[in-house]
Amino acid sequence: MKFMKLGSKPDSFQSEEDSIRYVASELATDVVVNVGDVKFYLHKFPLLSKSARLQKLFAATTDDEEQPDDEIRIPDIPGGPPAFEICAKFCYGMTVTLNAYNVVAVRCAAEYLEMHESVEIGNLVYKIEVFLNSSVLRSWKDSIIVLQTTRSFHPWSKDLKIDARCLESIASKAAMDPERVDWSYTCNRRKLLLPPESNNNKNGVPRDWWVEDLAELDVDLYKRVVLSIRRKGGVLPEVIGEALEVYAAKRIIPQTDDVEEHRSLLETLVLLLPSEKQSVSCGFLIKLLKCSVCLDCGGEEERKELSRRIGEKLEEANVADLLIRAQEGCETVYDIDIVETLVDEFITQQTQNRDELDCSDRAKANVAKLIDGYLAEIARIEPNLSSLKFIAIAEKVSSFPRSSHDGVYRAIDMFLKQHPEITKSEKKSICRLMDCRKLSPEACAHAVQNERLPLRVVVQILFFEQVRATTKPSLPASGSHGSSRTTTEEECDSVTATEETPTTTREKTSSAEKTKTKGVVMSRIFSKLWTGKDRDGVGDVSSSDTSESPGSATTVDDKSTPSTRRRRSSS
């Protein structure tokens with residue numbers, strides 16, 4: 001820390017109790033200065049020789065009959081008694097030390113006392129300005145300390161442009177090339193362990209070297225600093241985004257009653273977000289949104305902006321990110337409407353950026369996988385999730401590309417498992433979200449034994465599995481990429497393992513024999529289920545759900561004997 005010593009005489013100020021300060025001298029004091037609750041017994045000559053304001057005040061006392069001669073009051077001096085004492089010691093020529101912690105108070109007090117060059121050459125205001133410009137503002141840490149102290153001295157510090165000069169100093173240093181940084185700063189040691197090409201330059205200084213230090217500022221000063229850095233330029237948007245994330249991590253406390261403080265913080269962070277899409281992570285944006293919802297703070301505009309920014313990069317989120325707790329008094333434990341809004345924002349962004357088709361398809365595939373996993377998880381943990389809301393969200397991504405519908409099946413199965421009270425109509429509506437042709441063999445093996453599925457769905461799965469086993473056609477996939485693993489997949493894997501255990505002897509058979517055997521078994525099961533009664537009590541199984549398959553009509557009308565069906569399946 002930089003410091004400056006003024007004066008050469010020893011300090012002879014002494015105290016009597018807590019409210020009296022005086023100068024130990026052979027000469028009797030001839031003036032009393034009341035500063036707040038403290039009385040200073042001093043001498044006129046050294047004070048008047050350097051302070052124009054004291055000259056005026058003492059001159060005015062002769063016209064005031066109610067106030068004793070040679071006693072004045074200055075209750076509104078910036079910095080109070082401590083700052084006045086330093087100014088008084090300077091008048092006496094006593095040694096005083098200025099540093100980053102007291103320089104603002106003394107500068108404002110000196111301005112109040114009008115200790116300018118017009119009164120005496122080399123006066124206090126001039127010396128402090130030299131110290132500020134030549135030392136304090138050239139130091140990174142001192143500039144931050146001085147900026148923090150200015151908050152207590154408004155409007156004086158603003159009028160003297162001390163805070164503005166600190167902001168300029170900090171912004172200039174933050175924008176400097178890290179290779180030229182040679183001053184002390186609070187370094188994030190974790191980042192220094194990264195490879196040089198990732199975050200550090202050849203002298204070991206990371207490009208975000210200033211982030212940790214600025215995180216100590218209060219929100220109003222932090223806002224002014226970051227805006228100054230952005231105006232100055234030279235700092236990558238990703239670094240500013242990281243700075244905001246570090247600041248939020250230090251400042252946002254989920255368990256707090258100070259809603260106003262968090263509202264101010266959220267408004268500031270949203271305002272400071274760089275406009276570039278990759279400048280902040282999707283996870284950080286969702287954390288801000290969660291904080292806004294959980295603490296019921298942040299305005300509608302902030303939530304709308306956060307939803308828009310999250311929608312831009314929803315494909316980067318994970319299922320845990322979307323589990324946002326609802327406010328107290330809501331019907332559901334988790335805020336499902338917000339997730340629906342985020343999906344809508346994503347769709348809007350994709351519609352507006354149709355020129356990026358390849359990237360768009362990848363993003364859609366990732367979002368489809370994300371929402372499949374989210375629906376499976378929210379169905380498991382949200383007891384008040386309605387079938388209408390489940391279907392509404394699922395339908396928003398139904399046209400997105402997928403390599404399989406295993407994720408859709410897992411979500412449906414989990415919903416049916418956790419909500420057994422739904423009606424048959426609701427169950428059928430939910431099952432229509434799944435394309436049985438796009439289920440993997442493992443998912444099919446689980447589904448044909450799933451008592452929660454309507455029989456017609458099982459029939460569809462068996463039919464398409466039989467077609468795949470006998471002819472192995474290249475069915476057109478309306479989707480293309482992405483699948484997800486959720487909690488239900490563990491059940492799926494366990495069932496698959498159970499069915500595959502007895503097949504050890506079949507592994508020794510030829511590929512053709514395996515196909516033939518599977519076709520016969522599937523045909524028998526299919527025939528038995530088709531002529532039997534629906535487990536839900538519906539005897540009439542229409543062919544509407546299987547009409548998408550070209551061979552479904554002939555299969556439904558097939559009245560041949562089991563031996564005939566065996567021959568057909570074998571062929």
Below 4.0 angstrom, N of the basic side chain to O of the carboxylate: do Arg308 and Glu305 qualify?
yes
Could you check whether any side-chain N or O of Asp208 sits under 3.5 Å from a backbone N or O of Val211, counting only pairs where one atom can act as donor and the other as acceptor?
no
Test of understanding: with side-chain contact (heavy atoms from CB on, under 4.5 Å), list the residues that count as partners of Glu382, not counting sequence neighbours.
Thr332, Val333, Tyr334, Ile336, Ile378, Asn384, Leu385
Looking at Glu238 and Arg207, is any side-chain nitrogen of the basic one under 4.0 Å from a carboxylate oxygen of the acidic one?
no
Residues passing the salt bridge (charged side-chain N to carboxylate O under 4.0 Å, His left out) test with Glu340, sequence neighbours excluded, are Lys389, Lys396
List the atom of Val339, the atom of Tyr374, and the distance in Å for their closest heavy-atom pair.
CG2-OH, 3.4 Å
Donor-acceptor pair, side chain of Ser279 and main chain of Glu276, under 3.5 angstrom:
yes
Taking the side chain as every heavy atom from C-beta outward, state whether Lys417 and Arg452 have any pair of such atoms under 4.5 Å apart.
yes
Kindly indicate, with the supporting measurements, whether the criterion salt bridge (charged side-chain N to carboxylate O under 4.0 Å, His left out) is fulfilled by Lys250 and Glu216.
CA-CA 9 Å; Lys250 284 181 177 258; Glu216 303 301 322; 3.5 Å; yes
Tell me every residue that passes side-chain contact (heavy atoms from CB on, under 4.5 Å) with Ser387, counting only those two or more places apart in sequence or in another chain.
Phe415, Glu426, Ile430
Holding to salt bridge (charged side-chain N to carboxylate O under 4.0 Å, His left out), I want the full list of residues that pass it with Arg230, two or more places apart in sequence or in another chain.
none
Is Asp220 paired with Arg151 through a side-chain N to carboxylate O contact shorter than 4.0 Å?
yes
Which residues satisfy the side-chain contact (heavy atoms from CB on, under 4.5 Å) test with Val280, sequence neighbours excluded?
Leu273, Pro274, Phe284, Leu285, Arg309
List for me each residue that meets side-chain contact (heavy atoms from CB on, under 4.5 Å) alongside Val225, sequence neighbours excluded, and say none if there are none.
Leu147, Leu167, Ile170, Leu214, Leu217, Ile229
Any donor-acceptor pair under 3.5 Å linking the side-chain atoms of Gln350 with those of Ser360?
yes
Lys304 with Glu301: basic N within carboxylate O range, under 4.0 Å
no
Please walk me through it: do Glu300 and Arg303 pass salt bridge (charged side-chain N to carboxylate O under 4.0 Å, His left out)?
CA-CA 5 Å; Glu300 188 65 28; Arg303 292 191 189 181; 5.5 Å; no
Answer yes or no: is there an ion pair linking Arg251 with Asp218, defined by an N-O contact shorter than 4.0 Å?
yes
Under 6.0 Å between the ring centres of His446 and Tyr409?
yes
How far does CH2 of Trp210 sit from OH of Tyr185, to the nearest 0.5 angstrom?
13.5 Å
Between Asp435 and Arg402, does any side-chain N to carboxylate O distance fall below 4.0 Å?
no
Supply the atom-to-atom distance Lys364 NZ to Asn366 CG, rounded to the nearest 0.5 angstrom.
13.0 Å
